[in-house]
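Everything on this sheet refers to the single structure shown next.
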Amino acid sequence: MGAYPLSQIANAIEVVIRFISSFISYVYGAIIIAVIVLLLARYLLDLLQVSPFGRWAYQLRRPATEMLHNVRSSRFYFPLKRALGFDPAVLMILIATAIVCYVVSIVVSNLLQLLSGVVLVLDRFDRGNVLTAARNLIGVLLLGIIFYLLTLMLIVFVNWLFGLLSRVAYRALKRIEPLLRLFEFGGMLAGWSFLILWIALSFAASAVTLIFLS
């Protein structure tokens with residue numbers, strides 16, 4: 001009687017895993033389409049000379065305006081502009097969108113690994129392998145912490161690129177700021193703490209999976 005609910009929960013989680021795996025590509029497509037639509041909406045409003053002070057026009061223009069402002073404030077903007085000979089802002093936004101989709105794929109991959117770990121724990125407990133299940137449970141808890149930190153970093157990254165989720169990103173940055181300071185080594189690596197932390201967390205996730213969930 002007690003084992004049945006565990007297997008039932010595990011089966012439900014496996015359904016969730018399959019659902020996420022099947023539909024995540026549509027999420028990437030939706031992100032790309034949304035960015036392109038916002039850029040086109042701003043271009044059309046400018047082309048039609050619609051007043052930017054109207055309520056609906058302002059709301060339509062604002063996301064694309066913030067994205068353009070952010071990429072033009074980037075340290076890569078002027079070098080690219082000189083190298084290419086034209087305004088690379090839209091190109092940079094599209095590249096940034098591709099990078100965000102890639103980063104999202106990493107976070108989703110960690111989520112799927114986390115859920116698979118939960119299924120493994122439930123299966124081991126269901127079979128009576130308590131010690132192995134306990135080891136797997138430690139791995140799941142560690143992966144949960146890593147997934148939480150990666151999600152915070154994703155929110156900050158999206159805000160940095162597109163200027164979106166400002167309030168949430170501020171709180172997320174406050175959470176990970178101590179870790180960023182920990183990975184601020186100075187010298188040639190000055191300013192790279194965000195990337196170093198991301199690599200460290202990704203490596204930690206792989207190590208946890210190998211040691212605790214194999």
Side-chain angles (χ1 to χ4, degrees), residues 13 16-17 19-21 23-42 52 55-77 89-90 92-115 117-118 140-184 190-205 208:
I13 294 174
V16 173
I17 293 172
F19 176 82
I20 295 174
S21 301
F23 285 89
I24 189 60
S25 59
Y26 295 104
V27 174
Y28 303 146
I31 293 172
I32 295 170
I33 291 171
V35 170
I36 293 174
V37 167
L38 290 172
L39 290 172
L40 286 176
R42 186 181 187 278
R55 182 175 181 181
W56 66 271
Y58 173 78
Q59 294 298 332
L60 278 176
R61 286 171 55 90
R62 181 180 176 183
T65 300
E66 290 187 356
M67 286 189 285
L68 290 168
H69 171 74
N70 281 0
V71 297
R72 285 171 178 156
S73 301
S74 167
R75 68 180 67 180
F76 300 106
Y77 176 73
V90 173
M92 290 176 69
I93 289 175
L94 294 177
I95 293 174
T97 303
I99 294 172
V100 166
C101 288
Y102 174 71
V103 173
V104 169
S105 73
I106 295 175
V107 175
V108 171
S109 177
N110 278 271
L111 173 61
L112 294 177
Q113 187 62 57
L114 174 62
L115 293 176
V118 173
V140 168
L141 294 175
L142 292 174
L143 277 183
I145 294 171
I146 293 170
F147 172 73
Y148 171 71
L149 293 174
L150 287 176
T151 302
L152 293 179
M153 295 187 73
L154 173 61
I155 294 170
V156 173
F157 187 61
V158 169
N159 176 257
W160 179 61
L161 289 176
F162 299 119
L164 305 175
L165 308 172
S166 298
R167 293 183 180 179
V168 180
Y170 175 78
R171 294 174 184 171
L173 182 59
K174 283 296 183 182
R175 290 285 185 181
I176 63 173
E177 203 168 29
L179 288 174
L180 292 176
R181 286 198 296 266
L182 181 65
F183 285 91
E184 186 58 70
W192 291 92
S193 59
F194 195 91
L195 179 60
I196 295 171
L197 176 58
W198 182 273
I199 294 172
L201 289 174
S202 300
F203 178 79
V208 167

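Just so it is clear, the model here is predicted, and its values are computed rather than measured.
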* Residue pair V90, V71: steps toward the side-chain contact (heavy atoms from CB on, under 4.5 Å) verdict -> CA-CA 9 Å; V90 173; V71 297; over 6 Å; no
* Hey, which of V107, I24, I17 is the one that makes side chain to side chain contact (heavy atoms under 4.5 Å, CB included) with L112? ->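 It is I17, the one option of V107, I24, I17 that forms the side chain to side chain contact (heavy atoms under 4.5 Å, CB included) with L112.
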[atom1]-[atom2] distance between [X] and [Y], expressed to the nearest 0.5 angstrom:
{"X": "L150", "Y": "I145", "atom1": "CG", "atom2": "CD1", "answer": "12.0 Å"}
{"X": "Y148", "Y": "I176", "atom1": "OH", "atom2": "CD1", "answer": "10.0 Å"}
{"X": "L173", "Y": "M153", "atom1": "CG", "atom2": "CE", "answer": "10.0 Å"}
{"X": "I93", "Y": "N70", "atom1": "CD1", "atom2": "CG", "answer": "8.5 Å"}
{"X": "L179", "Y": "W198", "atom1": "CG", "atom2": "CH2", "answer": "13.5 Å"}
{"X": "L180", "Y": "L195", "atom1": "CG", "atom2": "CG", "answer": "11.5 Å"}

Can you give me the closest heavy-atom contact between [X] and [Y], atom names plus distance?
{"X": "L114", "Y": "G144", "result": "CD1-N, 3.7 Å"}
{"X": "N110", "Y": "A205", "result": "OD1-CB, 3.2 Å"}
{"X": "A169", "Y": "N159", "result": "CB-CB, 3.4 Å"}
{"X": "I32", "Y": "C101", "result": "CG1-SG, 4.2 Å"}

* Would you please name every residue forming a ring-ring contact (aromatic ring centres under 6.0 Å, His included) with F19, sequence neighbours left out? =>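 By the ring-ring contact (aromatic ring centres under 6.0 Å, His included) rule, F19 matches F23.
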* Check salt bridge (Lys or Arg N to Asp or Glu O under 4.0 Å) between R72 and all other residues, then give those that pass, not counting sequence neighbours. =>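 R72 satisfies salt bridge (Lys or Arg N to Asp or Glu O under 4.0 Å) with D87 only.
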* **Contacts of E66 that satisfy side chain to side chain donor-acceptor pair (under 3.5 Å) - sequence neighbours left out** =>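 Partners of E66 under the side chain to side chain donor-acceptor pair (under 3.5 Å) test: R62.
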* How far apart are the C-alpha atoms of I20 and L115, what are their side-chain angles, what is the distance that settles it, and do they pass the side-chain contact (heavy atoms from CB on, under 4.5 Å) test? -> CA-CA 11 Å; I20 295 174; L115 293 176; 4.1 Å; yes
* Are L143 and F147 side-chain neighbours, meaning at least one heavy-atom pair lies under 4.5 Å? ->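 Side-chain contact under 4.5 Å: no.
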* Asked: Stepwise, does the side-chain contact (heavy atoms from CB on, under 4.5 Å) test hold for Y102 with I106?
  -> CA-CA 6 Å; Y102 174 71; I106 295 175; 3.5 Å; yes
